[in-house]
Each structure stands twice: as C-alpha cells, then as structure tokens.
Amino acid sequence: MKRLNTKIIFHFMGLLLLCNGGFMLLASIVSGIYRDGATLEISFAGITTVLIGVLLMFVTHNHKKEIKKRDGYIIVSFGWIFMTLSGMFPYLFTGAIPSVTNAFFETMSGYTTTGASILNDIEVLPEGILFWRSTTHWIGGMGIIVLAIAILPLLGIGGMQLFAAEAPGPSADKLHPRITDTAKRLWFIYVGYTFAETLLLKLAGMDFFDAINHAMATLSTGGFSTKNASLAYWNDNPLIQYIVVFFMFVAGANFILSYFAFKGRVKKVFEDYEFRFYGLLVLCVSIVAALVIYLKANVPVSEYHPMVLGAAESSFRHAMFQVISVVTTTGFVSADYTSWTPFLTIVFFGLMFVGGSAGSTAGGVKVVRHLLMIKNGLLEFKRTLHPNAIIPVRYNKKTVPEKIIYNILGFFIIYMLLFIIGAVVLGLLGLDFESAIGGAASSLGNIGPALGSLHPLTNYDSLPILGKWWCSFLMLLGRLELFTVLILFSPFFWKRT
C-alpha cells in the first residue's frame, strides 16, 4: 500500500473548518439581527473555527494535489468528525448546551441529518443557535464533502474519489462528466428548493425565521424544528403541513431526477423504477395508515383552516405526513404515531428500515437496494427451475452487474447486524426492549424519533452518557452508508504493501 497523502488530508480538514466557520459567522449575523444576546459567543466560535482551518491549510499548503481512494475514505469519515467537533463550539460557547457529550450528540445528529435531540426546551434558545442548529442539517444534507468538491478546482485537485466515498450507493448516474459540475448542479437544485419552500411556508402563514429553518431541515431530511411540538405546532394550519409533505417527498427522491424534470425530461422521471416504487410505497402505506387512524385512533381535528374537512382529512394528512417523514428519514412530527394502535407502531418500525432514494438527502437502507434485493430474490425461483440458465437482474431496462448485487446483499447483512448489535448495546446500558430496538433503528437510519422512551413526543436526553456516544457513532455509520467508516477498522486498510 502506498503511503497516505497526510498533507492533503489535513489540508482538506482545514478547508472544511473554513467553510464551517463561515456558516457560524452567518449564524452570528442572524443572532445580531434578532438581538438574542448570543452574537459575541457565536462570532467567537466562528472566528476560532476559521483560524484553525486557515492554520491547517497554511501548514499543509505544499501538498501533492492528488487524492487516492484511501485518502478519500479518510477525508470523508474524519471530515464528518472534524465538522462535528468544531460544530459544537456555538453550543458550548453560548452555554446553550454546556455538556460536551450532549453538544457532540446534538451536532452529530445535525450533520448526519438524524434530527434526534437532547434539548428539552427548544423555544428558549437564542435565534442564532436555532439557526446554527438548522444549518448543521443543511450542510450535512447534500454533504459538506460534495460542496467542497465544487471548490476543489480552485485548488487544482480532482474530487472523484471523494464523491465515491460520500455517495457509495449503487446509483452511478452523473449529471455531467466532470464530478465538480455534478456537485455544482446538485447544490443549485438544493438551494433552489430551500428558497422555494421558505417562500411557500411564509405565504402559508409561518413567520420567516421558522420558514427558513424548517425549509433547511426539510430539504436535508433532517427534522430539527424551532418548536418543541415540531410540525404539530401547526396542526391548525394543514396547508403548512402539506407543503412540508411535498418537499419531504422531493428531498427523499433522487436529486438527479429533479434535474431531469427541470430540463423537461419528465418522462425519464416516471420511467425510473425506484421513483415509481418509492411513490407507490408511500401512497399505499399512507392509505392503510389513514384507514386505521380513521377507524381506530383519535387524531386532532382543527376547525381553523378552510382546508380541514374533518376527521377523514385529518387522518389522511397525519398518516401521509408521518409515513413520508419516516420513509425519508426526516423525522418531523405531526402526531405521536406510536399511540395510534400497535399495528401502526409495527408498520412505522418497519418503515425505519426503508430509507429514501439513492441520490437523495435521506438516510436508511435506500429504496433501490430493497428493490434490487426483491428482484434478485424472485429470480431465485427461476434459477432453481433452470439451474444452467443465466438470469440477470434488470433495473431501468439495464442489466445489473453481479458485483452490485453482492454489494447490496453484503450491505444489508451488515446493516441488520449493526442494528442488532446497536440494540444489544443500548439494552446493556439500561434501555427497555422497545426503546433499545427503536433507538438503534432510528440512529442507524438517521430518522430521529423512535419507540418506547424515545417516542416522537420525547427526546434522547434520557439516554445514559455512553448511550449518547454510541448512538452518535451509529448516526455516523448510517450517514456514510457503513462501508466508508467500517473500512477504517479493517487491518488491511492500514497495511503497507
């Protein structure tokens, strides 16, 4: 094995810290506008982060401008950790979250777009901190790594290895032959959607500060809210919830399909197997959940907004909202789905293992992996009857290489194994069965709300200290799709040949 290019690795850490510090300074401006009393501390956090970043970049400025695959894995994994460690500064400096453990958990939850929180009263926090909290989601949503890839040409560095590590799913679609142009187009769409949702939420009756924060959390499929009750705060205004539902669905779909749609190639969107499966799954489960809620459960029915048609509309809205929220791993809450009947609790627990589409900001296993596993499983019947026949899996009218099928099966096995280990560890730390399996599934899938003592109307503050660090590790594994992080623990990765 060739030696690691340590200078480029630390140079990149400096670049990430520089970007992170810039966003902190933006949060300090928001703090100043609202005069929330935290402007100086957030500014100091931003300046400190920028200075550390500049120092790292200066010390490593004479690096080799080449990133090998191994360097890419290290940059992505450690980049997320560096971002989290520096992202703690605004919480610690302002005293909003004085505990290092809690600050690390909240920050990791933000960057991994998990949305699990340890905060018991969100609404008392300064506006600058709330904005920073939402910003961690927004940065992590498309990936600070992909953002940095768009900047790399300025440094004369190629970023293909980083893109492969950041998005290791089975989809290899690109919008443009040059990866930097792909990153720029993805970010343009991402920013455009964020502004569009902010405007629509503002027009629907949400104030601007809440609108921009919820737009950032929605497009990143994160789930941090500015209200203790999350989106249930606006149960008397269904229009707001329908807007969030639409953008959650869009954020959970492949962003490359959005690009095709904007280019007028709408037919290509609906020809995509994954998108059709994703849409059909959400629709069918929402209808089933709505019927169960309407017949068996009690849901809040508002008379405030003219769109409210009674219990039927309310049942469908809450069902669709929570189904899309869990499938896309956003984690917003309009009601406590664990109180709707044991059947629906099991359904929502199962949805935690679905995930959004490949190429989306959502976490989880991803719809395309389930689709290909199902296709491969069904083909096994044919292969059993015709053992000498070559029967490949086809996806979007193309043959899927066996290598990808093996990768997906391996991913799923490791994912389920990590879920079991995650639940066992949480059980050893004192959580009951329901809370342990819910916490493990939610953390690994980057969902947020879970089951038991971690149900949607509570938070993760009750976890023991080791439990918070363990869940933070599971969040990182889930966000970087397992292999990117786990490969660093393999002995052969570090062997020199």
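As the structure is a prediction and not an experimental result, all values here were calculated from the model.
Under the ring-ring contact (aromatic ring centres under 6.0 Å, His included) test applied with His214, the options Phe208, Phe224, Trp234 reduce to a single match, Trp234. Under the side chain to side chain donor-acceptor pair (under 3.5 Å) rule, Tyr460 has a single partner from Ser442, Ser443, Ser109, which is Ser442. Applying side chain to side chain contact (heavy atoms under 4.5 Å, CB included) to Phe348 and the options Val323, Val327, Thr338, Leu451 leaves one that passes, Val323.
More than 12 heavy atoms of other residues, nucleotides or ligands shown are found within 6.0 angstrom of NZ on Lys227. Annotation: Arg276, atom CZ; neighbour count of heavy atoms from other residues, nucleotides and ligands within 6.0 Å is above 12. Environment of CD1 in Ile465: sparse, with no more than 12 heavy atoms of neighbouring residues, nucleotides or ligands closer than 6.0 Å.
For the residue pair Ile243 and Leu200, the shortest heavy atom distance occurs at CD1-O, 3.5 Å. Residue Ile240 comes nearest to Ala204 through the heavy atom pair CG1-CB, 3.8 Å, listed as atom of the first residue, atom of the second, then distance. The nearest pair of heavy atoms linking Leu219 to Ala251 is O-CB, 3.6 Å. Annotation for Leu426 and Ala440: closest pair CD1-N, 3.6 Å, computed over non-hydrogen atoms. Between Ala215 and Thr194 the shortest heavy-atom distance is CB-O, 3.6 Å. Contact between Asn20 and Ser86 at its shortest, heavy atoms only, is ND2-OG, 2.7 Å.
Residues that satisfy the salt bridge (charged side-chain N to carboxylate O under 4.0 Å, His left out) test with Glu106, not counting sequence neighbours, are Arg133. For Val266, the side-chain contact (heavy atoms from CB on, under 4.5 Å) partners two or more places apart in sequence, or in a different chain, are Phe270. With sequence neighbours left out, Asp461 forms a salt bridge (charged side-chain N to carboxylate O under 4.0 Å, His left out) with Lys468.
Contact check on Glu481 versus Lys366 returns a salt bridge, with a Lys/Arg side-chain nitrogen under 4.0 Å from an Asp/Glu carboxylate oxygen.
One finds the CD1 atom of Ile81 at 9.5 Å from the CE atom of Met13 (value rounded to the nearest 0.5 Å). With values rounded to the nearest 0.5 angstrom, Ser286 atom OG is found 8.5 Å from Leu281 atom CG.
In summary, the side chains of Asn254 and Ser357 do not present any donor paired with an acceptor at a separation below 3.5 Å, with no hydrogens or angles considered. Donor-acceptor pairing under 3.5 Å is recorded for the side chains of Asp36 and Ser31.
The main-chain N or O of Ala232 is never found under 3.5 Å from a side-chain atom of Ser230 such that the two would form a donor-acceptor pair.
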